[in-house]
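Note that the numbering runs from 1 along the sequence shown for the chain. Just so it is clear, the structure is predicted and the values come from calculations on it, not from any experiment.
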Amino acid sequence: MYPYYEKMSQKIKETLSNETDLEKQIKKTFKRRGLKAIKLARNNGIKKVYTTDGKELWIAEGRRGRYLIIPMYYCSCNGFTTLIASGENEPCYHLIAQAYAQLKNIYSEEHTSKTYDELLIELLEISTKKETKTK
């Protein structure tokens, strides 16, 4: 695993380990992104999707679209790519929201008629198309 992914995921894990005042800790650690993450999770923006071939994917319904989430390590949003490429080792708010939603069990579950591969390609194509349009 690349060191920046490890640092980023460790920061999320450490922040979420303080369940006493979890939301306060998220806001303190991640500032504006933490606030957006909590709002996204509370507004049913995190989904665990089950595919026809028995696999599951996490999806964030962000402001500009649906993004693939690999918990603690990856988000298909443009913000994640920018944060990692700039060397900040910081997660986007979708990753924070997914971790928070999973911990608090405030995500929704859906079943799709697509296979894992079909849904994965669809999500990654949507992200690519959106990035191209904004350039």
Side-chain angles (χ1 to χ4, degrees):
M1 180 184 324
Y2 296 104
Y4 46 86
Y5 287 110
E6 186 61 39
K7 288 178 187 175
M8 179 190 64
S9 63
Q10 189 61 37
K11 188 171 184 177
I12 295 171
K13 289 174 188 174
E14 286 174 4
T15 301
L16 295 180
S17 67
N18 181 6
E19 289 194 49
T20 308
D21 201 352
L22 182 59
E23 290 184 8
K24 184 178 179 180
Q25 188 64 34
I26 290 171
K27 291 173 192 175
K28 179 181 176 186
T29 303
F30 298 110
K31 316 261 185 289
R32 184 169 171 256
R33 275 180 284 123
L35 188 61
K36 288 170 63 174
I38 293 167
K39 184 178 176 182
L40 179 66
R42 285 184 181 165
N43 291 329
N44 199 32
I46 302 297
K47 297 175 181 5
K48 187 178 193 179
V49 181
Y50 298 94
T51 61
T52 57
D53 50 356
K55 297 179 182 176
E56 60 188 49
L57 283 171
W58 287 92
I59 295 175
E61 298 278 351
R63 292 178 300 153
R64 296 186 184 125
R66 300 174 76 197
Y67 303 109
L68 169 68
I69 299 282
I70 298 174
M72 301 289 179
Y73 295 102
Y74 176 78
C75 179
S76 63
C77 77
N78 196 27
F80 175 79
T81 305
T82 303
L83 286 164
I84 292 298
S86 69
E88 290 189 44
N89 301 325
E90 291 290 330
C92 64
Y93 78 96
H94 307 110
L95 274 177
I96 302 164
Q98 185 281 327
Y100 173 70
Q102 186 174 9
L103 181 68
K104 290 299 205 176
N105 200 27
I106 55 172
Y107 57 89
S108 61
E109 293 183 343
E110 295 180 4
H111 294 269
T112 182
S113 60
K114 296 175 182 169
T115 66
Y116 179 85
D117 291 344
E118 289 170 337
L119 186 56
L120 187 64
I121 289 168
E122 178 185 302
L123 288 167
L124 294 175
E125 282 181 355
I126 289 171
S127 295
T128 303
K129 286 177 185 175
K130 288 188 179 293
E131 289 173 18
T132 304
K133 286 180 183 178
T134 59
K135 289 182 180 179

Contact check, side chains of [X] and [Y], non-hydrogen atoms, under 4.5 Å:
| X | Y | value |
| --- | --- | --- |
| K114 | T51 | no |
| L119 | K55 | no |
| K11 | F30 | yes |

Can you list everything that forms a side chain to side chain donor-acceptor pair (under 3.5 Å) with E56? Sequence neighbours excluded, please.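 Partners of E56 by the side chain to side chain donor-acceptor pair (under 3.5 Å) criterion come out as none, since no residue qualifies.
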Please check if atom NZ in K13 has more than 12 non-hydrogen atoms from other residues, nucleotides or ligands closer than 6.0 Å.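 More than 12 within 6.0 Å, yes.
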How long is the straight-line distance from [atom2] of [Y] back to [atom1] of [X], given to the nearest 0.5 Å?
| X | Y | atom1 | atom2 | result |
| --- | --- | --- | --- | --- |
| C92 | K36 | SG | NZ | 9.5 Å |
| Y107 | Q98 | OH | CD | 9.0 Å |
| Q102 | I69 | CD | CD1 | 11.0 Å |

Is the backbone of [Y] close enough, under 3.5 Å, to the side chain of [X] for a donor and an acceptor to pair up by distance?
| X | Y | value |
| --- | --- | --- |
| D53 | Y116 | yes |
| T29 | I26 | no |
| S76 | L68 | yes |
| R33 | P91 | yes |

Heavy atoms only: give me the nearest I46-H94 pair and the separation to one decimal.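 Looking at all heavy atoms of both residues, the closest pair is CD1-O, 4.2 Å.
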